[in-house]
Asks: 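Questions regarding the structure given below will be posed in turn.
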Amino acid sequence: MKIAILGAMPEEIDPFIVEIPTQIDYYAGNKFYKAEFAGHELFIAYSKIGKVNAAITATLLIEKFKVEALLFTGVAGALKDNFKIGELLYATKLAQHDLDISAFGHPVGYVPGNEIFVNTSKKLNKIAVKTAKDLGLTLKSGVIVSGDQFICDDDKKAWIAKTFGADAVEMEGASVAQVCSAFKVPFFIMRAISDVAGHKAEINYDEFMENSAKTSADFVLKMIEKI
Ligand code: ADE
């Protein structure tokens, strides 16, 4: 099967590049690594931060490289108190917290032509749960929201958590979800917590991002063996 592995930053996909011999292809400002792993053809890339960057790379992975499934790996800020730094969370559904045409009577997060939330693949989520069980790892699930903002403010954090019933926040997942859903490509969004998205979250992020990114990537690598 052709599987895309997508992260936002080099740190989020580095564990793949280190573990698996890869070939490189450049296209539209993106670097794509190709590899054979566990009987699959992998197409690995980092999009750079933000929803537009992520949407471009996800579209290229689907349209140019014809991937049949996409697994996103990376870090997120926790919006609820029950998450610890380094904990793994996969998205059951995603929304864009910064998409707001409420002035025209739509609910915040409403995507024209779509709904607020995009659901992830139940099949891939099940494989993740089985992987965690077999490895004896704690894997949580929840609502993940994305926006083109690093959230490091307690009031903003509380608003996002309440408005979307969200568990974690990041800057790409919901745009990848929209792209995959438009092309009918099953997708999975994995995140490890790097910070708690409140006041001075950037300090935790700087300290824990790399380790959390590796935790998430290592998990996805194991998960591929079960696909
Ligand atoms: N990714 C990791 N932490 C984040 C935060 N606090 N806000 C947005 N994206 C993030």
Side-chain angles (χ1 to χ4, degrees), residues 6-9 11-12 29-30 45-62 70 72-81 83 89-120 140-183 185 187-206 208-209 212-213 216:
L6 178 58
M9 298 175 298
E11 293 87 340
E12 291 173 330
N30 284 245
Y46 69 91
S47 59
K48 303 179 284 297
I49 290 169
K51 292 190 300 172
V52 175
N53 276 332
I56 290 171
T57 312
T59 304
L60 288 173
L61 286 162
I62 294 169
L70 185 150
F72 192 102
T73 173
V75 299
L79 296 173
K80 304 248 174 89
D81 293 341
F83 287 102
L89 159 88
Y90 71 85
T92 51
K93 58 181 184 175
L94 299 104
Q96 300 177 46
H97 68 74
D98 60 350
L99 183 39
D100 183 353
I101 49 169
S102 57
F104 300 95
H106 294 289
V108 179
Y110 171 73
V111 183
N114 271 298
E115 294 171 9
I116 297 176
F117 291 100
V118 184
N119 294 317
T120 52
K140 294 183 173 171
S141 63
V143 175
I144 296 183
V145 289
S146 315
D148 287 319
Q149 301 157 2
F150 182 83
I151 305 302
C152 48
D153 176 274
D154 291 321
D155 291 341
K156 181 97 197 186
K157 170 184 173 176
W159 178 84
I160 294 173
K162 185 163 179 271
T163 307
F164 296 93
D167 295 286
V169 62
E170 34 84 319
M171 301 177 70
E172 297 82 20
S175 65
V176 172
Q178 192 180 333
V179 168
C180 289
S181 141
F183 286 103
V185 169
F187 67 98
F188 174 77
I189 308 282
M190 179 83 228
R191 296 281 185 174
I193 300 300
S194 57
D195 59 85
V196 294
H199 182 59
K200 300 250 186 250
E202 67 277 16
I203 294 174
N204 276 351
Y205 179 89
D206 278 345
F208 299 113
M209 182 274 284
S212 293
S216 174

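Numbering of residues begins at 1 and proceeds along the displayed sequence.
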Asks: Enter the distance from T120:OG1 to Y90:OH here, rounded to the nearest 0.5 Å.
Replies: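 One gets 7.5 Å once the value is rounded to the nearest 0.5 Å.
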
Asks: So how far is it from I144 CD1 to E172 CD, rounded to the nearest 0.5 Å?
Replies: 11.0 Å

Asks: One pair to check against side-chain contact (heavy atoms from CB on, under 4.5 Å): F72 and R191. What are the steps and the verdict?
Replies: CA-CA 8 Å; F72 192 102; R191 296 281 185 174; 3.1 Å; yes

Asks: State whether the side chain of D148 and the backbone N or O of G50 hold a donor-acceptor pair below 3.5 Å, judged by distance alone.
Replies: no

Asks: So which atom in L94 and which in A177 form the shortest heavy-atom distance, rounded to 0.1 Å?
Replies: CD1-CB, 3.9 Å

Asks: Does the S216 side chain pair with the main chain of T73, one donor and one acceptor, at a distance under 3.5 Å?
Replies: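 No; judged by distance alone, with no hydrogens or angles, the pair does not exist.
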
Asks: I'd like to know if the side chain of S102 reaches the main chain of P107, judged simply by a donor and an acceptor atom lying under 3.5 Å from each other, with no hydrogens or angles considered.
Replies: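 A pair under 3.5 Å: no.
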
Asks: Checking S194 side chain against S212 main chain: does a donor-acceptor pair fall under 3.5 Å?
Replies: no

Asks: Other residues, nucleotides and ligands only: do more than 12 of their heavy atoms fall within 6.0 Å of CD on E115?
Replies: no

Asks: Could you report the tightest heavy-atom contact between F187 and V118, atom names first, then the distance?
Replies: CZ-CG1, 3.9 Å

Asks: Quick check: closest heavy atoms across N53 and S47, and the distance to 0.1 Å?
Replies: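 Smallest interatomic distance, heavy atoms only, reads CB-O, 3.3 Å.
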
Asks: Got L70 and F183 here, is their nearest side-chain heavy-atom distance under 4.5 Å?
Replies: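 Side chain of L70 against side chain of F183, heavy atoms only: no contact under 4.5 Å found.
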
Asks: On a heavy-atom basis, which atom in D154 and which in G198 lie closest, and how many Å separate them?
Replies: OD1-CA, 3.2 Å

Asks: Pick out which of N204, D206, V75 makes a side chain to side chain contact (heavy atoms under 4.5 Å, CB included) with D195.
Replies: N204

Asks: Looking at every heavy atom in both A54 and L6, which two are closest together, and how far apart are they?
Replies: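 Here A54 and L6 meet closest at O-CD2, 4.3 Å.
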
Asks: Within this structure, what is the CD1-CH2 distance for the pair I151 and W159, rounded to the nearest 0.5 Å?
Replies: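 Reported to 0.5 Å precision, the distance equals 9.0 Å.
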
Asks: Of all the heavy-atom pairs spanning L60 and N30, show the shortest one and how long it is.
Replies: CD1-ND2, 4.2 Å

Asks: Say whether Q178 and K51, considering side chains only, have a donor N or O and an acceptor N or O under 3.5 Å apart.
Replies: no

Asks: Hey, are the side chains of F208 and I193 touching, using non-hydrogen atoms and a 4.5 Å cut-off?
Replies: no

Asks: State whether the number of non-hydrogen atoms from other residues, nucleotides or ligands found under 6.0 Å of H199 atom NE2 is greater than 12.
Replies: no

Asks: Answer yes or no: is there an ion pair linking K140 with D167, defined by an N-O contact shorter than 4.0 Å?
Replies: no

Asks: Using a distance-only test with no angle check, is there a side-chain donor-acceptor pair under 3.5 angstrom linking E170 and S146?
Replies: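 E170 vs S146: donor-acceptor pair found between side chains.
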
Asks: Is the shortest side-chain heavy-atom distance between F150 and I49 below 4.5 Å?
Replies: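 The answer is no, as the side chains (C-beta and beyond) never meet within the 4.5 Å cut-off.
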
Asks: Between the side chain of K157 and the main-chain N/O of V196, is any donor-acceptor distance below 3.5 Å?
Replies: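 Yes, K157 side chain to V196 backbone: donor-acceptor pair under 3.5 Å.
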
Asks: Output the distance between atom CG (L79) and atom CZ (F164), rounded to the nearest 0.5 Å.
Replies: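 One finds 11.0 Å between CG of L79 and CZ of F164.
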
